[in-house]
Amino acid sequence: MILFISDLHLQVDRPALTEAFVRFVDERARFARRLYLLGDLFEYWAGDDDLDDPFHARIAAMLRTLADGGVEVFWIAGNRDFLVGERFAVAAGLTLLPETWLIEDHGRRIVLVHGDAQCTDDVKYMAFRAQVRQPGWQQQFLAMPLAQRKAIIAGLRDNSRKDQGEKSYEIMDVTPQAIDDVFAQTGADVMIHGHTHRPALHTRGGKLRYVLPDWEPESLPPRGGWIAIGDDGAITRHALDGSVENR
């Protein structure tokens, strides 16, 4: 089978979340043919030199074990961990993909994105995104000491939380035109993405759009899960509580 996850926001001070990911790897992912990580696996990523952190090294080692066991692991950057680079990719045994990626399965063309690039009504975020995705900006940022980078990221996260409290849900969601554009540019029949933390299956113009959940195993009921494509081509949505939806 093929598995897709996103928006775990792994961090050392959320052990229940880490253990939920460990269970997913041990009970599900190690039996898959391919695993696609569609962004924001980490709460933040300050640069590949942060692999020296024991928590980050543990996650990379888990992914490497999957890869060594025969699972192909792929990565699309999110808005929190877009600074992941080749050092992490090698340590985790995964393949870095561009922000839009097309796969084919059982006669369907399936486009994969994180989803933040399609939130085009959020003008302020889109301007920020354009800045931090520039190679020159990233080179300058990564040249700073790691502690300084982490302090800057902490400030950005605080500002982001404040901004989100002032924005409407509609502004922070993907826009229909941006979604239509991706379908038109790729010729895809199906899209899978995360970012919005609004898991659902949308149909529009004969196209299917699956939105992955964020992971909050500490909440009641627990949030989180994954999408699977079985060997028969069936697409199913799986929740952390064990429930499965066939559409």
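By convention here, the first residue in the shown sequence is residue 1. Atom set for the values below is all heavy atoms of this structure, side chains included, hydrogens, waters and symmetry mates excluded.
Note on Val71 and Leu8: same hydrophobic cluster, where clusters join Ile, Leu, Val, Met, Phe, Trp and Tyr whose side-chain heavy atoms are under 4.5 Å apart, directly or indirectly. Both Leu208 and Ile235 are part of a single hydrophobic cluster, where members link through side-chain heavy atoms under 4.5 Å apart. With hydrophobic clusters built from ILVMFWY side chains whose heavy atoms lie under 4.5 angstrom apart, Met144 shares a cluster with Leu142. Follow the hydrophobic side-chain contacts under 4.5 Å out from Ile5 and you never reach Leu97; the two are in separate clusters. One hydrophobic cluster, built from ILVMFWY side chains closer than 4.5 Å, holds both Val12 and Val84.
Leu94 has its side chain out of reach of Phe74: every pair of non-hydrogen atoms, C-beta onward, lies at least 4.5 Å apart. Side-chain contact check for Arg133 versus Gln138: some heavy-atom pair is nearer than 4.5 Å. Put simply, the side chain of Val113 reaches to within 4.5 Å of the side chain of Gln118, judged on heavy atoms. With contacts defined as side-chain heavy-atom distances shorter than 4.5 Å, the pair Leu3/Ile227 does not qualify. At least one side-chain heavy atom of Phe55 sits less than 4.5 Å from a side-chain heavy atom of Thr18. Looking at heavy atoms from C-beta onward, Phe183 lies out of side-chain contact with Asp189 at the 4.5 angstrom threshold. By the 4.5 Å heavy-atom criterion applied to side chains, Arg87 and Leu51 are counted as neighbours. Residues Ile103 and Tyr36 meet the side-chain proximity criterion, which asks for heavy atoms closer than 4.5 Å.
Remark: the Tyr125 side chain and the Asp116 side chain contain an N/O donor-acceptor pair separated by less than 3.5 Å. For Gln185 and Asp181, the side-chain atoms include no donor-acceptor pair closer than 3.5 Å. Inspection of the Asn79 and His114 side chains reveals an N or O donor paired with an N or O acceptor under 3.5 Å.
Between Leu240 and Gly225, the closest heavy-atom pair is CG-N, 4.0 Å. Here the closest non-hydrogen pair linking Ala67 and Ala92 is CB-O, 4.2 Å. Between Cys119 and His195, the shortest heavy-atom distance links the atoms SG-CD2, 3.6 Å. Here the closest heavy-atom approach between residue Pro213 and residue Gly224 is recorded as CG-C, 3.7 Å. In terms of heavy atoms, Pro217 sits closest to Ala16 at CG-O, 3.8 Å. What you find for Gly78 and Asp81 is that their closest heavy atoms are N-OD1, 2.9 Å.
Each of Ile59, Leu66, Leu35 was scored for a side chain to side chain contact (heavy atoms under 4.5 Å, CB included) with Val25, with one residue passing: Leu66.
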Inset, instruction - Please lay out, stage by stage, how His193 and Val174 fare under the test side-chain contact (heavy atoms from CB on, under 4.5 Å). - result: CA-CA 10 Å; His193 73 82; Val174 297; 4.1 Å; yes
Legend entry - Audit row: Lys150, Glu43, salt bridge (charged side-chain N to carboxylate O under 4.0 Å, His left out) steps and yes/no: CA-CA 12 Å; Lys150 289 187 173 184; Glu43 172 66 4; over 6 Å; no
Inset, instruction - Show your working on salt bridge (charged side-chain N to carboxylate O under 4.0 Å, His left out) between Glu99 and Arg129 and close with a plain yes or no. - result: CA-CA 13 Å; Glu99 62 183 63; Arg129 186 184 191 279; 3.3 Å; yes
Inset, instruction - List the steps and the verdict of salt bridge (charged side-chain N to carboxylate O under 4.0 Å, His left out) for Glu72 and Arg33. - result: CA-CA 6 Å; Glu72 293 182 277; Arg33 288 189 293 115; over 6 Å; no
Inset, instruction - Please step through salt bridge (charged side-chain N to carboxylate O under 4.0 Å, His left out) for the pair Asp68 and Arg64, ending with a clear verdict. - result: CA-CA 6 Å; Asp68 289 345; Arg64 183 73 199 210; 3.2 Å; yes
Legend entry - Worked verdict on Phe141 versus Ile153 for side-chain contact (heavy atoms from CB on, under 4.5 Å): CA-CA 11 Å; Phe141 183 76; Ile153 290 171; 4.1 Å; yes
Inset, instruction - In sequence, state the C-alpha distance, the side-chain angles, and the governing distance for Ile179 and Arg209, and then conclude on side-chain contact (heavy atoms from CB on, under 4.5 Å). - result: CA-CA 9 Å; Ile179 295 299; Arg209 177 169 65 91; 3.8 Å; yes
Legend entry - side-chain contact (heavy atoms from CB on, under 4.5 Å) evaluation trace for Trp215 with Asp7: CA-CA 6 Å; Trp215 285 41; Asp7 298 280; 5.8 Å; no
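Asp53 places no side-chain N or O within 3.5 Å of a backbone atom of Asp50 that could act as its donor or acceptor partner. Within the 3.5 Å criterion, the main-chain N or O of Asp26 finds a donor-acceptor partner in the side chain of Arg30. Without hydrogens or angle criteria, Trp75 side chain to Gly39 main chain gives no donor-acceptor distance under 3.5 Å. Asp48 contributes a side-chain N or O that, together with a main-chain N or O of Phe88, makes up a donor-acceptor pair within less than 3.5 Å. Of the possible donor and acceptor atoms, one in the side chain of Gln11 sits under 3.5 Å from a partner among the backbone N and O of His9. For the pair Arg223 (side chain) and His197 (backbone), a donor-acceptor distance under 3.5 Å is present. Between the side chain of Arg109 and the backbone N or O of Thr186, at least one donor-acceptor pair lies under 3.5 Å.
Interatomic distance, Gln139 CD to Gln134 CD, rounded to the nearest 0.5 Å: 12.5 Å. Interatomic distance, CH2 of Trp101 versus CG of Leu112, reported as 9.5 Å (0.5 Å rounding). A distance of 13.0 Å separates CD1 of Ile76 from CG of Leu41, quoted to the nearest 0.5 Å. Atom OH of residue Tyr44 and atom CD1 of residue Ile152 lie 13.0 Å apart, to the nearest 0.5 angstrom. One distance of note links CG of Leu10 with CG of Asp40; it measures 10.5 Å at 0.5 Å rounding. Separation of atoms NE2 (His202) and CE (Met191) is listed at 11.0 Å; rounding is to 0.5 Å.
In summary, the aromatic rings of Trp226 and Phe24 are positioned with their centroids under 6.0 Å apart.
Using a 30° and 60° split on the angle between ring planes, Trp45 and Phe42 fall in the tilted class, from 30° to 60°.
Salt-bridge check for Arg108 with Asp105: passed, with a basic side-chain N closer than 4.0 Å to an acidic carboxylate O. A salt bridge is defined here as a Lys NZ or Arg NE, NH1 or NH2 lying under 4.0 Å from an Asp or Glu carboxylate O, and Asp180 with Arg204 meets this definition.
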